[in-house]
Protein chains: 2
Amino acid sequence: MDKKIEIPDDVKQIADFAKAMSHPVRVYILKKLSSRNSCCYSGDLVDELPIGRSALSQHLKELKHAGLIQGEIEAPFIKYCINKENWGKLKTAFSEYLFNEVDDIILKH
Amino acid sequence: MDKKIEIPDDVKQIADFAKAMSHPVRVYILKKLSSRNSCCYSGDLVDELPIGRSALSQHLKELKHAGLIQGEIEAPFIKYCINKENWGKLKTAFSEYLFNEVDDIILKH
DNA sequence: TAAGTATTTCGCAAAATTACGAAATGATTA
DNA sequence: TAATCATTTCGTAATTTTGCGAAATACTTA
């Protein structure tokens with residue numbers, strides 16, 4: 001007599017994306033890399049952000065693991081850029097999650 | 001010679017909202033309450049979600065604390081609804097964060 | 001090969017998150 | 001008043017997150 005559901009994949013997906021964005025430093029990095037499609041180095045970020053190198057590195061690792069950024073070796077640097085494909089998926093997922101509501105639909109008759 | 005910045009408030013705001021949405025149960029609840037503006041009781045949710053009463057209660061508390069839902073006493077129940085004002089703020093903040101990018105703007109001339 | 005640069009990984013510690021069952025709360029019904 | 005019902009709070013434990021400095025890695029230049 002249980003009506004227990006398994007939480008749907010699209011809901012889990014939003015939670016995963018949200019977790020990747022749940023720290024100010026990561027939100028800052030994503031904003032920087034996604035807007036005007038720029039790329040940057042770990043060193044650029046550590047100069048402007050109020051955390052140390054190793055902490056930053058972990059945030060980059062986390063974003064990389066979430067598929068939202070990618071690092072390209074450009075020795076002796078690593079150039080980090082947005083992962084356009086997955087960033088696009090995130091935007092689509094959030095659009096649908098946030099805006100596909102009955103209240104937002106203007107019904108024509 | 002430090003270029004260290006303080007992380008801007010709009011970035012922190014996104015991180016706070018994202019943290020509220022960083023767990024599948026909370027995403028599920030927000031989806032349920034925001035779409036078609038429905039309300040529900042803790043008991044409804046505990047029947048369908050794969051967690052216990054006390055864990056659910058904590059998630060509701062967290063969403064309430066984030067300002068995204070509100071509880072109205074309707075004894076012996078508590079009726080939970082979306083907080084429209086703050087949910088609207090969340091949607092605006094995410095829209096701006098995700099979509100105000102040069103790439104998304106079609107330039108007219 | 002040695003020294004230097006950019007970055008990550010390791011080891012650690014503090015704090016936050018998540019979940020549970022038991023007990024407490026507050027209102028209702030018998 | 002006692003029993004019941006819906007829900008929250010408490011106490012606890014396991015896990016995850018966050019951040020630091022030191023050490024390691026990897027590549028380049030002198």
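Every value quoted in this text rests on a predicted model; they were computed, and no experiment measured them. Just so it is clear: chains get the letters A, B, ... in the order the sequence lines come, proteins before strands, and each one is counted from 1.
The CG-C1' distance, from B:L56 to D:dT7, rounds to 10 Å in whole Å. As a whole-Å value, the separation of B:K19 NZ from D:dT16 P is 16 Å. With rounding to whole Å, B:L45 atom CG is found 15 Å from D:dT8 atom C1'. The CD1 atom of A:I29 sits 14 Å away from the C1' atom of D:dT18 (whole-angstrom rounding). Spacing between atom CD of A:E72 and atom P of D:dC27 amounts to 15 Å, rounded to whole angstrom units. Distance, A:E74 CD to C:dT5 P: 19 Å, rounded to whole Å. Rounding to whole angstrom units, CD1 of residue B:I73 and P of C:dG26 are separated by 10 Å. Following rounding to the nearest Å, B:K61 (NZ) and C:dT17 (P) show an atom-to-atom distance of 12 Å.
At the phosphate of D:dT17, neither OP1 nor OP2 sits under 4.0 Å from any side-chain N or O atom of A:H59.
Listed nucleotides: D:dC20, C:dT8, D:dT7. Nearest to the side chain of A:Y80: C:dT8. Side-chain atoms of A:R26 lie closest to D:dT18 of the nucleotides D:dT8, D:dT18, C:dT8. Here the side chain of B:L60 is nearest to one of D:dC20, D:dT8, C:dA19, namely D:dT8. The side chain of A:F77 approaches C:dA6 more closely than any other nucleotide in the set D:dT9, C:dA27, C:dA6. Here the side chain of A:H23 is nearest to one of D:dG19, D:dT9, C:dT7, namely D:dG19. Of the candidates D:dT7, D:dT18, C:dT9, the closest approach to any side-chain atom of A:E62 belongs to D:dT18.
Checked by distance alone, A:S54 brings a side-chain donor or acceptor within 3.5 Å of a matching partner on the base of D:dG21. Evaluation of atom-type donor-acceptor distances gives a pair under 3.5 Å for the side chain of B:Q58 against the base of C:dC20.
Of the N and O atoms on the side chains of B:Q13 and B:Y97, not one donor lies less than 3.5 Å from an acceptor on the other residue. For the residue pair B:Y41/B:E74, the side-chain donor-acceptor check at 3.5 Å is satisfied.
B:R26 places no side-chain N or O within donor-acceptor distance of the main-chain N or O of B:H59, the cut-off being under 3.5 Å. At distances below 3.5 Å, at least one donor-acceptor pair connects side-chain atoms of A:S22 with backbone N or O atoms of A:K19.
Residue contacts for A:S42: at a heavy-atom cut-off of 4.0 Å it reaches the sugar-phosphate backbone alone, with no base atom in range.
Both A:P76 and B:R53 sit near DNA chain C, but only A:P76 has its closest nucleotide nearer the 5' end.
Looking at A:E6 and A:K12, a side-chain N of the basic residue comes within less than 4.0 Å of a carboxylate O on the acidic one, giving a salt bridge.
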